[in-house]
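Have a look at the structure below, then the notes.
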Amino acid sequence: MAVITIDGKRMEVPDGRNVLDCALDAGIYIPHLCHHPDLKPLGSCRMCLVEVDGGETPVTSCNLIAKTGMNIRTDSEEIARLRMLSLELILTGHPEDCSTCPKYGSCELQTLIQYIGPKTGRLKMRIKGFRTEEENPLLVHDMNRCVLCGRCVRACQELRGVHVLDYRQKGLETYVGTVHEKLLADADCRFCGACAEVCPTGAIRDKWKEGQERRSKQDRIVPCRYGCPAHIDIPRYVRLAGEARYDEAAAVVREKAPFPEILGHICSHACELECKRGEINKSVSIRNIKRYAAEHDTGSCWRGKGKQLKDSGKKVCIVGAGPAGLTAAYYLRKQGHEVTVKESLPQVGGMMSYGIPSYRLPREVITKETALITEAGVRIETSVKVENPSLLLKEYDAVLMAVGSHKGIRLTMEGDHLPGVVLNTDFLRQVNLGEPVDLGSRVVVLGGGNVAFDCARTAKRLGAERVLLACLEAREAMTADEEEILQAEEEGIGIYPAHTFERITGTKKVTGVDFMKVKSFTFDVQRKAVIEKQEGTELHLEADTVIFAVGQRPDLDETSGLLLGRGNCIQVKEHSLKTSCDGVFAAGDAVYGTKSVIAAIASGREAASEIDRYLGGDGDISEKLAPDESVSPHIGSCPGFAYRERQESQLLPAEQRVANFNIADTGIGECVSLETGRCLQCDLRLNIAQPRLWGDYSGQEGTDV
């Protein structure tokens with residue numbers, strides 16, 4: 001340790017530390033612009049000048065190493081004069097448009113201007129004349145705002161080791177750019193965002209998509225984690241999977257979701273829609289990385305570990321053994337509560353077992369992962385139907401309704417009750433229970449969502465010769481995942497988007513469906529469909545079976561004793577999931593309608609937290625399963641990084657897929673390392689220290705020895 005004095009304050013400081021950082025750590029503000037705590041000192045801005053007893057002239061404190069006996073002054077007439085001159089010279093080439101600048105309010109140069117108060121009127125201003133580069137994805141380069149602090153260059157070269165940015169010359173002006181003014185993709189940029197993070201003026205700044213500015217900084221920087229309903233730490237497990245540390249990667253997923261392999265097969269991957277890599281070429285195949293890690297997980301990082309609080313003496317009953325109910329049960333047991341799950345069907349899993357076909361989600365995967373719930377100490381009773389949950393409060397301290405949405409919707413139209421007309425949920429449940437289903441040779445599915453495609457592709461596998469699917473939405477507005485639509489087309493399923501369902505034809509049995517083309521399809525303020533048809537576009541499709549797949553709802557009525565709302569969903573109080581009956585909570589599809597397994601898991605977690613709080617706990621269900629590790633900021637160069645193609649899942653040929661219910665998608669296999677290498681590692685940016693502005697030091701005192 002060294003003992004120095006700054007502005008009359010004597011202090012102990014670490015050996016080898018520069019005076020600027022020593023002063024800032026002690027709460028003494030010294031103006032600076034080019035300095036950043038994560039970067040090597042440069043001293044180019046000349047803002048951090050100080051005087052040292054025995055020295056002839058002021059020196060930059062960022063380059064001055066503290067030594068015992070130093071007596072340092074951070075302000076004097078000469079220091080003020082030199083700082084003023086340096087700042088005025090910087091401002092001669094800087095735009096005078098603070099109020100319209102995207103960096104306004106968070107610009108470090110702006111705060112220096114307020115602190116020092118330069119008088120630029122006595123200097124000749126110049127216009128640099130650089131064209132703002134907006135052709136690159138994710139980043140905007142506006143060198144007219146650059147003050148040549150060198151932070152971005154040092155971040156790119158020293159901190160990240162990418163070496164894309166450097167100082168360039170154009171006429172008499174120096175600027176920061178790529179060699180030969182290449183686009184960032186062609187210069188092998190890693191798009192890590194470190195340059196934008198350290199830029200003090202907005203010369204390099206983020207190009208946010210609409211709506212992202214309103215998010216928190218963390219959610220903007222790591223949008224995949226924001227997009228995941230359960231907020232799983234995606235960059236962390238992608239990085240671990242890239243290092244072939246699959247146990248740790250799966251453990252990261254399990255910190256927020258107990259079913260990583262199930263999610264690896266059927267997650268709706270909202271994270272991939274948010275992935276920044278998608279703005280460069282294609283998003284990272286996050287779901288497939290999760291699947292590979294889960295398939296190769298030995299459980300060494302999490303089995304028998306994690307949180308398990310002592311018994312609370314409280315009892316909870318959960319109605320429904322779907323993803324929401326099982327998730328809530330798992331975390332409530334970890335909080336120390338005694339948990340019983342009551343399921344009306346003979347098997348657990350909810351729509352995972354009775355709605356999602358086995359060619360998408362193998363039943364052995366469901367069995368393996370749901371078994372962990374009982375291993376955690378949860379009791380599960382199957383083939384038990386609960387009519388009125390309030391009656392359970394005689395035995396339990398709290399009840400959670402997580403009954404899912406197992407009741408299909410039958411549209412009211414001519415012929416809607418003819419023999420041969422079936423509902424999506426009934427059809428898929430029959431198939432998944434192994435019951436015989438007589439479809440005939442011609443099947444028409446009404447609906448355009450994922451469940452509709454599950455029905456259509458299942459019918460094809462059951463031997464239907466011709467399967468057609470029709471929906472109100474236009475092709476680009478269909479709610480099914482694009483991969484589902486494309487795979488169905490490959491399997492020979494005919495798709496008729498933008499068609500109304502006029503009537504189901506037949507007298508004693510279904511013979512077909514009449515349609516008309518849709519000219520426009522919208523919803524009014526009451527969310528009622530407003531459909532304009534195209535005259536003269538009548539179409540008849542013959543059918544032996546018609547499957548309604550236009551949605552589903554909870555199988556509840558007034559006998560439940562709960563207040564129900566739109567779509568037969570249970571009404572809950574905002575942010576608490578409490579129902580109209582005290583002690584009864586609700587979660588999952590039963591609350592918000594049909595969404596996804598990952599959304600149900602997130603809802604189950606929320607319910608577990610709220611019920612734990614209701615029972616006297618703190619509601620904190622968080623746990624750490626994978627080890628916390630510091631990650632090197634040095635990602636290095638990677639030739640052709642921006643052009644690395646996404647590794648797509650390996651699908652069996654269509655003619656093989658439709659022949660049985662075996663898994664159709666074999667994942668990305670050993671290509672997982674190539675795919676993890678496409679990640680931008682956005683989360684590393686959150687580790688970059690935030691600069692402290694002069695206003696942050698107001699009223700702070702140094703630490704005296």
*asked:* So for atom NZ, which belongs to Lys407, do other residues, nucleotides or ligands contribute more than 12 heavy atoms lying within a distance under 6.0 Å?
replied: no
*Given Arg277 and Glu279, is the salt bridge (Lys or Arg N to Asp or Glu O under 4.0 Å) satisfied, shown in steps?*
CA-CA 5 Å; Arg277 177 79 202 204; Glu279 297 178 53; over 6 Å; no
*Would you find a donor on one side and an acceptor on the other, under 3.5 Å apart, between the side chain of Glu343 and the backbone of Gly320?*
no
*Give a yes or no answer on whether the side chain of Asp206 reaches the backbone of Trp208 with a donor-acceptor pair at less than 3.5 Å.*
no
*Full working for side chain to side chain contact (heavy atoms under 4.5 Å, CB included) between Lys217 and Gln690*: CA-CA 12 Å; Lys217 179 175 181 177; Gln690 297 300 296; 3.0 Å; yes
*Within a strict 4.5 Å, meaning less than it, do heavy atoms of the Arg236 and Glu255 side chains meet?*
yes
*Look at Arg245 together with Glu629 and state whether they make a salt bridge at an N to O cut-off of under 4.0 Å.*
yes
*For the residue pair Tyr292 and Tyr246, categorise the inter-ring angle as parallel (less than 30°), tilted (30 to 60°) or perpendicular (more than 60°).*
perpendicular
_Run Glu338 and Val316 through side chain to side chain contact (heavy atoms under 4.5 Å, CB included) and show every step you take._
CA-CA 6 Å; Glu338 183 182 327; Val316 182; over 6 Å; no
*How long is the span from the CD atom in Glu387 to the CG atom in Asp557, to the nearest 0.5 Å?*
7.5 Å
*For Tyr592 and Ala600, indicate whether the former's side chain and the latter's backbone hold a donor-acceptor pair under 3.5 Å.*
yes
*Geometric cation-pi criterion Lys578 and Phe585, 6.0 Å radius, 45° cone*: no
_Interatomic distance, Arg553 atom CZ to Ile409 atom CD1 [nearest 0.5 angstrom]_ = 4.5 Å
_Less than 4.5 Å apart, side chain to side chain, heavy atoms only: is that true for Leu392 and Val319?_
yes
*Can any side-chain N or O of Arg190 pair as donor or acceptor with the backbone N or O of Ile635 at less than 3.5 Å?*
yes
*asked:* Treating His36 as the side-chain partner and Ala689 as the backbone partner, does any N or O pair qualify as donor plus acceptor under 3.5 Å?
replied: yes
*asked:* Both conditions, 6.0 Å and 45 degrees, for the charged tip of Arg220 above the ring of Tyr226: are they met here?
replied: no
*Ala249 and Ala293: which non-hydrogen atoms are nearest, and at how many Å?*
CB-CB, 3.9 Å
*Is the number of heavy atoms from other residues, nucleotides or ligands within 6.0 Å of CG (Asp618) greater than 12?*
yes
*asked:* What I'd like to find out is whether the side chain of Cys569 reaches to under 4.5 Å of the side chain of Val591, using heavy atoms alone.
replied: no
*So how far is it from Glu610 CD to Leu332 CG, rounded to the nearest 0.5 Å?*
11.0 Å
*Please report the closest heavy-atom contact between Ser649 and Ile668, naming both atoms and the distance.*
N-CG2, 3.9 Å
*Polar contact flag, side-chain donor to acceptor under 3.5 angstrom, Ser609-Asp612*: no
*State, yes or no, whether a side-chain contact exists between Arg605 and Lys256 at a heavy-atom distance under 4.5 Å.*
yes
*Which atom pair, heavy atoms only, marks the closest approach of Cys192 to Arg160?*
SG-NE, 3.4 Å
*Grab the two heavy atoms, one from Ala196 and one from Leu139, that are nearest each other, plus how far apart they are.*
CB-CD2, 3.8 Å
*With the threshold set at 4.0 Å, does a side-chain nitrogen-carboxylate oxygen contact exist between Glu272 and Arg287?*
no
*Report yes or no: does His231 contribute a side-chain atom to a donor-acceptor pair with the main-chain N or O of Arg225 at less than 3.5 Å?*
yes
_Rounded distance (nearest 0.5 Å) linking atom NE2 of His406 with atom CG of Asn424_ = 11.5 Å
_Least distance between heavy atoms, Tyr359 atom then Ile663 atom_ = O-CD1, 3.2 Å
*Reported CZ-to-CZ distance for the pair Arg303 and Arg254, which is rounded to 0.5 angstrom*: 7.5 Å
*Short side-chain to backbone donor-acceptor contact, Asn568 and Pro554, under 3.5 Å*: yes
_Looking at Ile356, is its backbone amide N or carbonyl O close enough to the side chain of Asp454 to form a donor-acceptor pair, meaning the two atoms are under 3.5 Å apart?_
no
*Between the side chains of Arg646 and Ser283, does any donor sit under 3.5 Å from an acceptor?*
yes
*asked:* Just so I know, are the side chains of Leu615 and His337 near enough to count as touching, which here means a heavy-atom distance under 4.5 Å?
replied: yes
*For Ser216 and Asp219, what are the C-alpha separation, side-chain angles and deciding distance, and is it a side chain to side chain contact (heavy atoms under 4.5 Å, CB included)?*
CA-CA 5 Å; Ser216 70; Asp219 291 341; 3.1 Å; yes
*So does Lys282 have more than 12 non-hydrogen atoms from other groups sitting under 6.0 Å from NZ?*
no
*Check: Asn432 side chain, Leu428 main-chain N or O, donor-acceptor pair, under 3.5 Å*: yes
*Just checking, is any N or O donor in the side chain of Asp247 or Trp302 under 3.5 Å from an acceptor N or O on the other one?*
no
*Is Ser560 reaching over with its side chain to a backbone N or O of Leu556, donor-acceptor style, under 3.5 angstrom?*
no
_Taking every non-hydrogen atom, the tightest pair across Gly588 and Ala324_ = CA-CB, 3.9 Å
*For the pair Gln212 and Lys207, evaluate side-chain hydrogen bond (donor to acceptor under 3.5 Å, both in side chains) and give the outcome as yes or no after the intermediate values.*
CA-CA 10 Å; Gln212 287 183 328; Lys207 188 187 293 182; over 6 Å; no
*Between OG1 of Thr340 and NZ of Lys315, what distance do you get to the nearest 0.5 Å?*
7.0 Å
*Side-chain contact test, heavy atoms from C-beta onward, threshold under 4.5 Å: evaluate it for Gln647 versus Asn288 and give yes or no.*
no
*Report the residue from Lys307, Arg613, Lys314, Gln308 that forms a side-chain hydrogen bond (donor to acceptor under 3.5 Å, both in side chains) with Gln335.*
Lys307
*Charged N to carboxylate O under 4.0 angstrom, Arg291 versus Glu295?*
yes
*Give a yes or no on this: more than 12 heavy atoms of other residues, nucleotides or ligands lie within 6.0 Å of atom CD of Gln218.*
no
*asked:* So if I apply the side-chain contact (heavy atoms from CB on, under 4.5 Å) rule between Leu326 and each of Val378, Ile380, Leu372, which one comes out positive?
replied: Ile380
_Salt bridge check, Arg215 against Glu213: does any charged N sit closer than 4.0 Å to a carboxylate O?_
no
*Short N-O contact, Arg360 and Glu484, less than 4.0 angstrom*: yes
*Considering only heavy atoms from C-beta outward, does the side chain of Val238 approach that of Gln681 to under 4.5 Å?*
no
*Does the salt bridge (Lys or Arg N to Asp or Glu O under 4.0 Å) test come out yes or no for Glu675 and Arg678, once each step is laid out?*
CA-CA 5 Å; Glu675 191 59 22; Arg678 297 178 66 243; 2.8 Å; yes
*Any side-chain heavy-atom pair from Pro389 and Leu562 closer than 4.5 angstrom?*
yes
*Go through the steps for Thr382 and Leu345 under the test side chain to side chain contact (heavy atoms under 4.5 Å, CB included), then give the verdict.*
CA-CA 6 Å; Thr382 56; Leu345 292 167; over 6 Å; no
